[in-house]
2 protein chains.
Amino acid sequence: MPHTYQHPRPALTVDCVVFGLDTQHSLKVLLIRRKLPPFAGEWALPGGFVHLDESLEQAARRELREETGLDHVFLEQLYSFGAVNRDPRERVVAIAYYALVNLQEYTLHAETDASDAAWFTVTKLPPLAFDHDRILNTALARLKGKLRYEPIGFELLPKKFTLYQLQKLYETVLGYPVDKRNFRKKFLKMNVLTALDEVEPGANHRAARLYKFDEKNYQSLKETGFNFEV
Amino acid sequence: MPHTYQHPRPALTVDCVVFGLDTQHSLKVLLIRRKLPPFAGEWALPGGFVHLDESLEQAARRELREETGLDHVFLEQLYSFGAVNRDPRERVVAIAYYALVNLQEYTLHAETDASDAAWFTVTKLPPLAFDHDRILNTALARLKGKLRYEPIGFELLPKKFTLYQLQKLYETVLGYPVDKRNFRKKFLKMNVLTALDEVEPGANHRAARLYKFDEKNYQSLKETGFNFEV
DNA sequence: TCAAAAGTGTTCCTGGTACACCCATGC
DNA sequence: GCATGGGTGTACCAGGAACACTTTTGA
(Lines give C-alpha, C1' and ligand atoms only; values in the text may rest on other atoms or scores of the structure.)
Protein backbone atom coordinates (compact mmCIF):
# COMPACT_ATOMS: atom_id res chain seq x y z
CA MET A 1 0.00 0.00 0.00
CA PRO A 2 1.85 3.06 -1.22
CA HIS A 3 1.68 6.50 0.33
CA THR A 4 1.69 9.61 -1.75
CA TYR A 5 2.57 13.18 -0.81
CA GLN A 6 2.66 16.39 -2.75
CA HIS A 7 6.26 17.17 -1.76
CA PRO A 8 9.09 14.71 -1.29
CA ARG A 9 9.92 13.80 2.31
CA PRO A 10 13.05 12.56 4.00
CA ALA A 11 12.74 9.23 5.73
CA LEU A 12 12.85 9.53 9.52
CA THR A 13 14.63 7.10 11.82
CA VAL A 14 15.58 6.91 15.47
CA ASP A 15 18.98 5.49 16.45
CA CYS A 16 20.06 4.56 19.95
CA VAL A 17 23.48 4.69 21.54
CA VAL A 18 23.23 2.23 24.42
CA PHE A 19 25.92 2.48 27.09
CA GLY A 20 26.69 -0.12 29.71
CA LEU A 21 29.43 -0.63 32.25
CA ASP A 22 30.89 -4.08 32.63
CA THR A 23 32.28 -5.62 35.78
CA GLN A 24 35.81 -4.78 34.68
CA HIS A 25 34.82 -1.10 34.75
CA SER A 26 34.99 -0.61 31.03
CA LEU A 27 32.42 1.39 29.13
CA LYS A 28 30.54 -0.58 26.49
CA VAL A 29 28.25 0.25 23.60
CA LEU A 30 25.63 -2.03 22.14
CA LEU A 31 25.84 -2.59 18.40
CA ILE A 32 23.82 -4.59 15.90
CA ARG A 33 25.22 -6.40 12.91
CA ARG A 34 23.39 -5.36 9.77
CA LYS A 35 21.91 -8.09 7.63
CA LEU A 36 20.89 -6.04 4.66
CA PRO A 37 22.65 -3.59 2.41
CA PRO A 38 23.85 -0.95 2.59
CA PHE A 39 26.69 -1.83 4.96
CA ALA A 40 25.52 -5.46 5.19
CA GLY A 41 27.62 -7.32 7.75
CA GLU A 42 28.87 -4.15 9.38
CA TRP A 43 28.03 -2.96 12.86
CA ALA A 44 25.50 -0.23 13.44
CA LEU A 45 23.49 1.43 16.18
CA PRO A 46 20.12 -0.14 16.91
CA GLY A 47 17.34 1.90 15.35
CA GLY A 48 14.71 2.08 12.66
CA PHE A 49 11.92 4.05 11.11
CA VAL A 50 9.49 6.15 13.08
CA HIS A 51 5.88 5.00 12.80
CA LEU A 52 3.10 7.52 12.44
CA ASP A 53 1.31 6.52 15.62
CA GLU A 54 4.23 6.74 18.04
CA SER A 55 6.26 9.59 19.46
CA LEU A 56 10.00 9.77 18.83
CA GLU A 57 10.81 8.38 22.25
CA GLN A 58 8.27 5.61 21.82
CA ALA A 59 9.87 4.74 18.51
CA ALA A 60 13.29 4.58 20.14
CA ARG A 61 12.01 2.34 22.93
CA ARG A 62 10.23 0.07 20.48
CA GLU A 63 13.33 -0.34 18.35
CA LEU A 64 15.43 -1.08 21.43
CA ARG A 65 12.93 -3.71 22.55
CA GLU A 66 12.69 -5.32 19.14
CA GLU A 67 16.35 -5.34 18.30
CA THR A 68 17.93 -5.95 21.66
CA GLY A 69 15.23 -6.97 24.15
CA LEU A 70 16.08 -4.02 26.39
CA ASP A 71 13.14 -2.31 28.04
CA HIS A 72 12.47 0.28 30.75
CA VAL A 73 15.91 1.80 30.45
CA PHE A 74 17.10 5.37 30.94
CA LEU A 75 16.64 7.03 27.57
CA GLU A 76 17.17 10.61 26.53
CA GLN A 77 17.18 12.43 23.23
CA LEU A 78 20.68 13.25 22.01
CA TYR A 79 20.74 15.14 18.73
CA SER A 80 19.34 14.96 15.22
CA PHE A 81 21.53 14.12 12.26
CA GLY A 82 20.45 15.26 8.85
CA ALA A 83 23.39 15.59 6.49
CA VAL A 84 22.14 15.19 2.95
CA ASN A 85 24.19 12.12 2.09
CA ARG A 86 24.41 10.29 5.39
CA ASP A 87 22.50 7.35 3.89
CA PRO A 88 23.61 6.23 0.42
CA ARG A 89 20.12 5.10 -0.58
CA GLU A 90 18.10 8.22 -0.03
CA ARG A 91 17.66 11.17 2.28
CA VAL A 92 17.30 9.90 5.83
CA VAL A 93 17.18 12.07 8.94
CA ALA A 94 18.08 10.31 12.18
CA ILE A 95 16.98 11.41 15.60
CA ALA A 96 19.51 9.92 17.98
CA TYR A 97 18.85 8.86 21.56
CA TYR A 98 21.21 7.54 24.15
CA ALA A 99 20.40 4.95 26.77
CA LEU A 100 22.12 3.86 29.96
CA VAL A 101 21.72 0.31 31.18
CA ASN A 102 23.01 -1.73 34.01
CA LEU A 103 24.90 -4.61 32.49
CA GLN A 104 24.62 -6.74 35.59
CA GLU A 105 20.85 -6.78 35.70
CA TYR A 106 20.10 -6.86 31.99
CA THR A 107 20.76 -9.50 29.43
CA LEU A 108 20.25 -9.25 25.74
CA HIS A 109 17.30 -11.01 24.21
CA ALA A 110 17.02 -9.88 20.64
CA GLU A 111 13.69 -11.09 19.38
CA THR A 112 15.14 -11.58 15.96
CA ASP A 113 18.56 -13.05 16.57
CA ALA A 114 20.57 -12.40 19.68
CA SER A 115 23.86 -13.20 18.00
CA ASP A 116 23.46 -10.03 15.94
CA ALA A 117 23.76 -7.79 18.97
CA ALA A 118 26.98 -7.39 20.93
CA TRP A 119 28.67 -5.10 23.42
CA PHE A 120 31.87 -3.32 22.37
CA THR A 121 34.31 -1.42 24.51
CA VAL A 122 34.11 2.20 23.41
CA THR A 123 37.85 2.39 22.92
CA LYS A 124 37.91 -0.66 20.65
CA LEU A 125 35.10 -0.15 18.22
CA PRO A 126 34.76 -1.82 14.84
CA PRO A 127 34.05 0.35 11.79
CA LEU A 128 30.47 1.54 11.94
CA ALA A 129 27.85 1.89 9.23
CA PHE A 130 26.57 5.28 8.03
CA ASP A 131 27.61 8.22 10.21
CA HIS A 132 27.15 6.15 13.35
CA ASP A 133 30.66 6.89 14.56
CA ARG A 134 29.75 10.57 14.68
CA ILE A 135 26.55 9.82 16.53
CA LEU A 136 28.44 7.66 18.98
CA ASN A 137 31.03 10.32 19.62
CA THR A 138 28.33 12.88 20.20
CA ALA A 139 26.72 10.55 22.72
CA LEU A 140 30.01 9.97 24.47
CA ALA A 141 30.60 13.69 24.76
CA ARG A 142 27.11 14.18 26.15
CA LEU A 143 27.59 11.40 28.67
CA LYS A 144 30.87 12.87 29.86
CA GLY A 145 29.41 16.31 30.14
CA LYS A 146 26.22 15.32 31.84
CA LEU A 147 27.71 12.89 34.33
CA ARG A 148 29.30 15.74 36.26
CA TYR A 149 26.20 17.76 36.94
CA GLU A 150 23.33 15.30 36.85
CA PRO A 151 23.06 12.03 38.73
CA ILE A 152 22.68 9.84 35.66
CA GLY A 153 25.66 7.65 36.49
CA PHE A 154 23.56 5.50 38.78
CA GLU A 155 21.71 4.22 35.73
CA LEU A 156 24.87 2.39 34.76
CA LEU A 157 25.22 0.66 38.13
CA PRO A 158 23.16 -1.97 39.94
CA LYS A 159 20.65 -0.61 42.47
CA LYS A 160 23.07 -1.45 45.26
CA PHE A 161 26.65 -0.46 44.64
CA THR A 162 29.87 0.32 46.47
CA LEU A 163 31.59 3.67 46.53
CA TYR A 164 34.45 2.01 44.73
CA GLN A 165 32.15 1.07 41.84
CA LEU A 166 30.81 4.59 41.73
CA GLN A 167 34.28 6.04 41.66
CA LYS A 168 35.44 3.67 38.93
CA LEU A 169 32.40 4.66 36.90
CA TYR A 170 33.40 8.29 37.04
CA GLU A 171 37.01 7.50 36.28
CA THR A 172 36.08 5.31 33.34
CA VAL A 173 33.66 7.70 31.71
CA LEU A 174 35.57 10.89 32.39
CA GLY A 175 38.89 9.32 31.52
CA TYR A 176 40.97 10.48 34.47
CA PRO A 177 41.58 9.24 38.01
CA VAL A 178 39.97 10.92 40.98
CA ASP A 179 41.10 11.06 44.60
CA LYS A 180 39.37 8.43 46.72
CA ARG A 181 38.97 10.43 49.89
CA ASN A 182 37.79 13.59 48.20
CA PHE A 183 35.40 11.65 46.00
CA ARG A 184 33.77 9.97 49.00
CA LYS A 185 33.62 13.14 51.03
CA LYS A 186 31.96 15.01 48.21
CA PHE A 187 29.39 12.37 47.39
CA LEU A 188 28.48 11.61 50.97
CA LYS A 189 28.09 15.27 51.84
CA MET A 190 25.58 15.69 49.02
CA ASN A 191 23.09 13.50 50.85
CA VAL A 192 21.97 11.62 47.79
CA LEU A 193 23.35 8.25 48.85
CA THR A 194 21.75 5.96 51.39
CA ALA A 195 24.09 3.61 53.21
CA LEU A 196 22.64 0.12 53.44
CA ASP A 197 23.22 -2.42 56.17
CA GLU A 198 24.76 -4.72 53.64
CA VAL A 199 28.18 -5.33 52.25
CA GLU A 200 29.17 -6.45 48.82
CA PRO A 201 28.94 -10.21 48.43
CA GLY A 202 31.71 -12.46 47.20
CA ALA A 203 34.70 -10.16 47.47
CA ASN A 204 38.08 -11.75 47.94
CA HIS A 205 39.14 -8.94 50.22
CA ARG A 206 37.41 -6.83 52.84
CA ALA A 207 33.81 -6.41 51.72
CA ALA A 208 32.66 -2.86 51.02
CA ARG A 209 29.46 -1.29 52.27
CA LEU A 210 26.62 -1.05 49.76
CA TYR A 211 24.79 2.17 49.00
CA LYS A 212 21.77 3.12 46.95
CA PHE A 213 20.92 6.37 45.20
CA ASP A 214 18.33 8.31 47.18
CA GLU A 215 16.08 9.45 44.35
CA LYS A 216 13.50 11.00 46.66
CA ASN A 217 15.95 13.05 48.61
CA TYR A 218 17.64 14.15 45.41
CA GLN A 219 14.33 15.44 44.10
CA SER A 220 13.55 17.40 47.24
CA LEU A 221 17.07 18.77 47.39
CA LYS A 222 16.75 19.85 43.79
CA GLU A 223 13.58 21.79 44.57
CA THR A 224 15.41 23.74 47.24
CA GLY A 225 17.96 24.83 44.68
CA PHE A 226 20.63 22.22 45.20
CA ASN A 227 23.20 21.56 42.49
CA PHE A 228 24.47 18.07 41.95
CA GLU A 229 28.00 18.49 40.77
CA VAL A 230 30.89 16.08 40.92
CA MET B 1 4.17 16.09 -9.05
CA PRO B 2 3.33 13.60 -6.31
CA HIS B 3 5.87 11.53 -4.42
CA THR B 4 5.10 7.97 -3.42
CA TYR B 5 6.69 5.82 -0.73
CA GLN B 6 6.05 2.28 0.41
CA HIS B 7 5.57 3.32 4.06
CA PRO B 8 3.93 6.48 5.38
CA ARG B 9 6.30 9.22 6.53
CA PRO B 10 5.95 12.07 8.97
CA ALA B 11 6.46 15.51 7.52
CA LEU B 12 9.68 17.13 8.70
CA THR B 13 10.05 20.79 9.59
CA VAL B 14 12.64 23.02 11.20
CA ASP B 15 11.52 25.75 13.61
CA CYS B 16 13.68 28.56 14.93
CA VAL B 17 13.58 30.33 18.26
CA VAL B 18 15.32 33.63 17.59
CA PHE B 19 16.45 35.60 20.62
CA GLY B 20 17.48 39.22 20.67
CA LEU B 21 18.26 41.76 23.34
CA ASP B 22 16.82 45.23 22.98
CA THR B 23 18.36 48.47 24.17
CA GLN B 24 16.20 48.38 27.29
CA HIS B 25 17.88 45.10 28.24
CA SER B 26 14.82 42.98 27.70
CA LEU B 27 14.99 39.58 26.04
CA LYS B 28 12.96 39.30 22.86
CA VAL B 29 11.80 36.48 20.63
CA LEU B 30 10.97 36.77 16.98
CA LEU B 31 7.55 35.50 15.94
CA ILE B 32 5.69 35.26 12.66
CA ARG B 33 1.98 35.75 12.22
CA ARG B 34 0.47 32.80 10.41
CA LYS B 35 -1.55 33.51 7.31
CA LEU B 36 -2.96 30.06 6.71
CA PRO B 37 -4.84 27.53 8.80
CA PRO B 38 -4.32 25.88 11.12
CA PHE B 39 -3.85 28.67 13.69
CA ALA B 40 -4.33 31.36 11.02
CA GLY B 41 -3.73 34.80 12.51
CA GLU B 42 -1.86 33.41 15.50
CA TRP B 43 1.83 33.84 16.24
CA ALA B 44 4.30 31.06 15.59
CA LEU B 45 8.02 30.39 15.37
CA PRO B 46 9.57 30.92 11.97
CA GLY B 47 10.14 27.61 10.23
CA GLY B 48 9.11 25.30 7.44
CA PHE B 49 9.65 22.05 5.66
CA VAL B 50 13.06 20.50 5.13
CA HIS B 51 14.01 20.13 1.49
CA LEU B 52 15.73 17.00 0.26
CA ASP B 53 18.85 18.78 -0.93
CA GLU B 54 19.69 20.70 2.24
CA SER B 55 20.91 19.73 5.69
CA LEU B 56 18.83 20.50 8.75
CA GLU B 57 20.87 23.55 9.59
CA GLN B 58 20.73 24.76 6.01
CA ALA B 59 16.96 24.39 6.12
CA ALA B 60 16.79 26.42 9.32
CA ARG B 61 18.98 29.16 7.85
CA ARG B 62 16.95 29.25 4.65
CA GLU B 63 13.68 29.58 6.53
CA LEU B 64 15.12 32.34 8.69
CA ARG B 65 16.29 34.19 5.62
CA GLU B 66 13.01 33.79 3.78
CA GLU B 67 10.70 34.60 6.65
CA THR B 68 12.66 37.22 8.53
CA GLY B 69 15.56 38.37 6.38
CA LEU B 70 18.04 37.33 9.06
CA ASP B 71 21.26 35.78 7.82
CA HIS B 72 24.67 34.77 9.18
CA VAL B 73 23.42 34.52 12.73
CA PHE B 74 24.48 32.24 15.57
CA LEU B 75 22.37 29.09 15.16
CA GLU B 76 22.43 25.87 17.09
CA GLN B 77 20.24 22.80 17.14
CA LEU B 78 17.97 22.69 20.17
CA TYR B 79 15.79 19.59 20.32
CA SER B 80 13.39 17.56 18.19
CA PHE B 81 9.70 17.54 18.90
CA GLY B 82 7.67 14.60 17.69
CA ALA B 83 4.51 14.16 19.74
CA VAL B 84 1.95 12.38 17.60
CA ASN B 85 -0.66 15.13 17.63
CA ARG B 86 1.42 18.27 17.76
CA ASP B 87 0.05 19.32 14.37
CA PRO B 88 -3.71 18.90 13.89
CA ARG B 89 -3.40 18.19 10.17
CA GLU B 90 -1.03 15.27 10.12
CA ARG B 91 2.05 13.86 11.72
CA VAL B 92 4.78 16.49 11.71
CA VAL B 93 8.14 16.18 13.42
CA ALA B 94 9.88 19.47 14.14
CA ILE B 95 13.60 19.88 14.59
CA ALA B 96 14.03 23.05 16.57
CA TYR B 97 16.97 25.44 16.41
CA TYR B 98 17.69 28.54 18.39
CA ALA B 99 19.40 31.63 17.11
CA LEU B 100 20.97 34.61 18.81
CA VAL B 101 21.03 37.95 17.07
CA ASN B 102 22.16 41.39 17.88
CA LEU B 103 19.14 43.64 17.68
CA GLN B 104 21.19 46.75 17.22
CA GLU B 105 22.92 45.61 14.08
CA TYR B 106 20.12 43.64 12.46
CA THR B 107 16.82 44.77 11.11
CA LEU B 108 14.02 42.62 9.88
CA HIS B 109 13.45 42.33 6.18
CA ALA B 110 10.95 39.59 5.59
CA GLU B 111 11.00 38.89 1.91
CA THR B 112 7.34 38.12 2.03
CA ASP B 113 5.87 40.75 4.31
CA ALA B 114 7.79 42.36 7.12
CA SER B 115 4.66 43.28 9.05
CA ASP B 116 4.13 39.59 9.73
CA ALA B 117 7.26 39.30 11.83
CA ALA B 118 7.63 40.98 15.21
CA TRP B 119 9.73 40.89 18.36
CA PHE B 120 8.03 39.98 21.63
CA THR B 121 9.38 40.26 25.13
CA VAL B 122 9.71 36.72 26.44
CA THR B 123 7.73 37.55 29.55
CA LYS B 124 4.81 38.96 27.54
CA LEU B 125 4.15 36.45 24.84
CA PRO B 126 0.93 36.07 22.90
CA PRO B 127 -0.62 32.59 22.61
CA LEU B 128 1.44 30.54 20.21
CA ALA B 129 0.43 28.09 17.51
CA PHE B 130 1.09 24.34 17.80
CA ASP B 131 3.40 23.34 20.65
CA HIS B 132 5.57 26.37 20.03
CA ASP B 133 5.30 27.51 23.64
CA ARG B 134 6.99 24.28 24.69
CA ILE B 135 9.70 24.74 22.09
CA LEU B 136 10.24 28.30 23.23
CA ASN B 137 10.49 27.29 26.87
CA THR B 138 12.98 24.61 25.97
CA ALA B 139 15.04 27.19 24.12
CA LEU B 140 14.90 29.59 27.04
CA ALA B 141 16.08 26.89 29.42
CA ARG B 142 18.93 26.04 27.07
CA LEU B 143 19.94 29.66 26.75
CA LYS B 144 19.98 30.12 30.51
CA GLY B 145 21.96 26.98 31.03
CA LYS B 146 24.46 27.57 28.29
CA LEU B 147 25.12 31.22 28.99
CA ARG B 148 26.96 30.36 32.18
CA TYR B 149 29.56 28.05 30.73
CA GLU B 150 29.92 29.04 27.11
CA PRO B 151 30.57 32.50 25.73
CA ILE B 152 27.43 32.68 23.60
CA GLY B 153 26.14 35.83 25.26
CA PHE B 154 28.30 37.99 23.02
CA GLU B 155 26.11 36.95 20.09
CA LEU B 156 23.32 39.02 21.62
CA LEU B 157 25.45 42.16 21.89
CA PRO B 158 27.00 44.50 19.34
CA LYS B 159 30.65 43.79 18.53
CA LYS B 160 31.67 46.61 20.83
CA PHE B 161 29.91 46.68 24.16
CA THR B 162 30.31 47.99 27.68
CA LEU B 163 30.71 45.86 30.78
CA TYR B 164 27.41 47.27 31.93
CA GLN B 165 25.67 45.89 28.85
CA LEU B 166 27.30 42.53 29.39
CA GLN B 167 26.20 42.46 32.99
CA LYS B 168 22.64 43.45 32.13
CA LEU B 169 22.59 40.68 29.55
CA TYR B 170 23.43 38.11 32.20
CA GLU B 171 20.97 39.57 34.66
CA THR B 172 18.20 39.63 32.08
CA VAL B 173 18.64 36.12 30.82
CA LEU B 174 19.41 34.49 34.13
CA GLY B 175 16.75 36.43 35.95
CA TYR B 176 18.70 37.57 38.98
CA PRO B 177 21.03 40.50 39.76
CA VAL B 178 24.78 40.04 39.95
CA ASP B 179 27.37 42.03 41.85
CA LYS B 180 29.04 44.62 39.64
CA ARG B 181 32.55 44.40 41.06
CA ASN B 182 32.65 40.64 41.17
CA PHE B 183 31.21 40.35 37.68
CA ARG B 184 33.88 42.63 36.25
CA LYS B 185 36.67 40.98 38.15
CA LYS B 186 35.64 37.55 36.97
CA PHE B 187 35.19 38.47 33.34
CA LEU B 188 38.36 40.51 33.10
CA LYS B 189 40.43 37.83 34.76
CA MET B 190 39.29 35.31 32.15
CA ASN B 191 41.21 37.17 29.44
CA VAL B 192 38.52 36.85 26.85
CA LEU B 193 37.73 40.55 26.66
CA THR B 194 39.81 43.13 24.83
CA ALA B 195 39.55 46.67 26.11
CA LEU B 196 39.24 49.13 23.25
CA ASP B 197 40.47 52.72 23.16
CA GLU B 198 36.93 53.84 22.71
CA VAL B 199 34.07 54.77 24.92
CA GLU B 200 30.39 54.37 24.36
CA PRO B 201 28.93 57.20 22.29
CA GLY B 202 25.95 59.30 23.27
CA ALA B 203 25.65 58.51 26.93
CA ASN B 204 24.02 61.07 29.14
CA HIS B 205 26.43 60.24 31.94
CA ARG B 206 30.09 59.31 32.10
CA ALA B 207 30.83 57.26 28.99
CA ALA B 208 31.87 53.66 29.60
CA ARG B 209 34.81 51.94 28.00
CA LEU B 210 34.03 49.61 25.12
CA TYR B 211 35.24 46.02 24.95
CA LYS B 212 35.14 43.27 22.39
CA PHE B 213 35.10 39.53 22.81
CA ASP B 214 38.51 38.06 22.07
CA GLU B 215 37.48 35.03 20.03
CA LYS B 216 41.05 34.06 19.18
CA ASN B 217 42.28 34.11 22.72
CA TYR B 218 39.21 32.23 23.87
CA GLN B 219 39.97 29.47 21.38
CA SER B 220 43.55 29.13 22.45
CA LEU B 221 42.61 29.22 26.12
CA LYS B 222 40.07 26.49 25.47
CA GLU B 223 42.72 24.29 23.93
CA THR B 224 44.81 24.56 27.07
CA GLY B 225 41.88 23.28 29.10
CA PHE B 226 40.33 26.53 30.22
CA ASN B 227 36.73 26.59 31.38
CA PHE B 228 34.61 29.59 30.63
CA GLU B 229 32.19 29.87 33.52
CA VAL B 230 30.31 32.86 34.81
C1' DT C 1 51.26 -13.86 55.37
C1' DC C 2 50.00 -11.88 51.37
C1' DA C 3 47.08 -9.51 48.23
C1' DA C 4 43.41 -6.41 47.56
C1' DA C 5 40.66 -3.03 48.57
C1' DA C 6 38.11 -0.49 52.63
C1' DG C 7 38.07 3.20 55.20
C1' DT C 8 39.46 7.61 57.28
C1' DG C 9 41.46 13.71 58.50
C1' DT C 10 44.16 17.54 58.01
C1' DT C 11 46.44 21.27 55.77
C1' DC C 12 46.77 24.57 52.34
C1' DC C 13 45.26 27.59 49.05
C1' DT C 14 42.23 29.29 45.64
C1' DG C 15 38.40 31.44 44.45
C1' DG C 16 33.61 33.04 45.58
C1' DT C 17 30.96 36.50 48.03
C1' DA C 18 29.72 40.50 50.38
C1' DC C 19 30.14 45.16 50.55
C1' DA C 20 30.44 51.36 49.67
C1' DC C 21 32.31 55.21 47.96
C1' DC C 22 34.12 58.82 44.82
C1' DC C 23 34.30 60.09 39.76
C1' DA C 24 33.02 61.80 35.23
C1' DT C 25 29.61 63.47 32.23
C1' DG C 26 25.37 65.50 30.19
C1' DC C 27 21.46 67.92 31.01
C1' DG D 1 23.72 70.66 41.02
C1' DC D 2 21.66 66.60 40.06
C1' DA D 3 20.95 62.26 38.07
C1' DT D 4 23.08 58.37 36.00
C1' DG D 5 25.97 55.01 35.65
C1' DG D 6 31.54 54.29 35.66
C1' DG D 7 34.92 52.52 38.04
C1' DT D 8 37.59 50.48 41.91
C1' DG D 9 39.73 46.92 46.61
C1' DT D 10 39.52 44.32 50.74
C1' DA D 11 38.27 40.95 54.15
C1' DC D 12 36.15 36.73 55.10
C1' DC D 13 34.93 32.09 54.37
C1' DA D 14 33.83 27.79 52.01
C1' DG D 15 35.15 24.41 49.41
C1' DG D 16 38.59 22.02 46.26
C1' DA D 17 43.03 19.62 46.10
C1' DA D 18 46.84 17.15 47.76
C1' DC D 19 48.29 13.60 50.50
C1' DA D 20 49.43 8.08 53.56
C1' DC D 21 48.50 4.84 56.64
C1' DT D 22 45.89 1.25 59.27
C1' DT D 23 42.14 -2.27 58.92
C1' DT D 24 39.64 -6.11 57.25
C1' DT D 25 38.93 -10.13 54.73
C1' DG D 26 39.69 -14.27 51.80
C1' DA D 27 42.79 -17.24 49.67
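Below, all heavy atoms of this structure are taken into account, side chains as well, without hydrogens, waters or symmetry copies. Numbers restart at 1 for each chain; the letters A, B, ... are given by sequence-line order, proteins then strands.
Under the rule for a side-chain hydrogen bond (donor to acceptor under 3.5 Å, both in side chains), the partners of A/Asp22 that lie at least two apart in sequence or sit in another chain are A/Ser26. Judged as a side-chain contact (heavy atoms from CB on, under 4.5 Å), and not counting sequence neighbours, the contacts of A/Val199 are A/Ala207. Residues passing the side-chain contact (heavy atoms from CB on, under 4.5 Å) test with A/Ala96 are A/Leu78, A/Phe81, A/Ile135, sequence neighbours excluded. Residues satisfying the ring-ring contact (aromatic ring centres under 6.0 Å, His included) criterion with B/Phe120, sequence neighbours excluded, are B/Trp43. Evaluation of the side-chain hydrogen bond (donor to acceptor under 3.5 Å, both in side chains) rule for A/Gln219 yields A/Glu215 as partners, not counting sequence neighbours.
Within 6.0 Å of CZ in A/Arg34 there are more than 12 heavy atoms belonging to other residues, nucleotides or ligands. Atom CZ of B/Arg134 sits in a sparse spot, with 12 or fewer heavy atoms from other residues, nucleotides or ligands closer than 6.0 Å.
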(message) Does A/Arg209 form a side-chain contact (heavy atoms from CB on, under 4.5 Å) with A/Leu196? I'd like the steps, not just the answer.
(response) CA-CA 7 Å; A/Arg209 157 157 275 146; A/Leu196 301 172; 5.9 Å; no

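Minimum interatomic distance between B/Leu156 and B/Gly20 (heavy atoms only, all atoms of both residues): CD2-CA, 3.9 Å. Among all heavy-atom pairs drawn from B/Gly48 and B/Asp15, the shortest one is N-OD1, 4.3 Å. Pairing each heavy atom of B/Ala60 with each of B/Leu75, the nearest pair is CB-CD2, 3.8 Å.
Interface residues of residues 222-230 of chain B facing DNA chain C, ordered by number: none; criterion, heavy-atom separation under 4.0 Å. At a non-hydrogen distance threshold of 4.0 Å, A/Asp179, A/Arg181, A/Asn182 from residues 174-182 of chain A come into contact with DNA chain D. Within a heavy-atom distance below 4.0 Å of DNA chain C, the residues of residues 199-212 of chain A found are A/His205, A/Arg206, A/Ala208, A/Arg209.
Think of the region where chain A sits on DNA chain C: with heavy atoms and a 4.0 Å cut, that region ends 5' and 3' at C/dA4 to C/dT10. Chain A approaches DNA chain D over the interval D/dG16 to D/dG26, counting the first and last nucleotide 5' to 3' with an atom under 4.0 Å from its heavy atoms.
Taking the six-membered ring wherever Trp is involved, the centroid distance between the rings of B/Tyr149 and B/Phe228 does not fall below 6.0 Å.
Applying the salt bridge (Lys or Arg N to Asp or Glu O under 4.0 Å) test to every pair with at least one member in residues 173-186 of chain B, sequence neighbours left out, gives no pairs at all. Judged as a side-chain hydrogen bond (donor to acceptor under 3.5 Å, both in side chains), the pairs with a partner in residues 136-148 of chain B (not counting sequence neighbours) are, in order, B/Glu76-B/Lys146.
Among the candidates B/Tyr211, B/Phe74, B/Phe161, B/Tyr218, the single residue satisfying the side-chain contact (heavy atoms from CB on, under 4.5 Å) test with B/Phe154 is B/Phe161.
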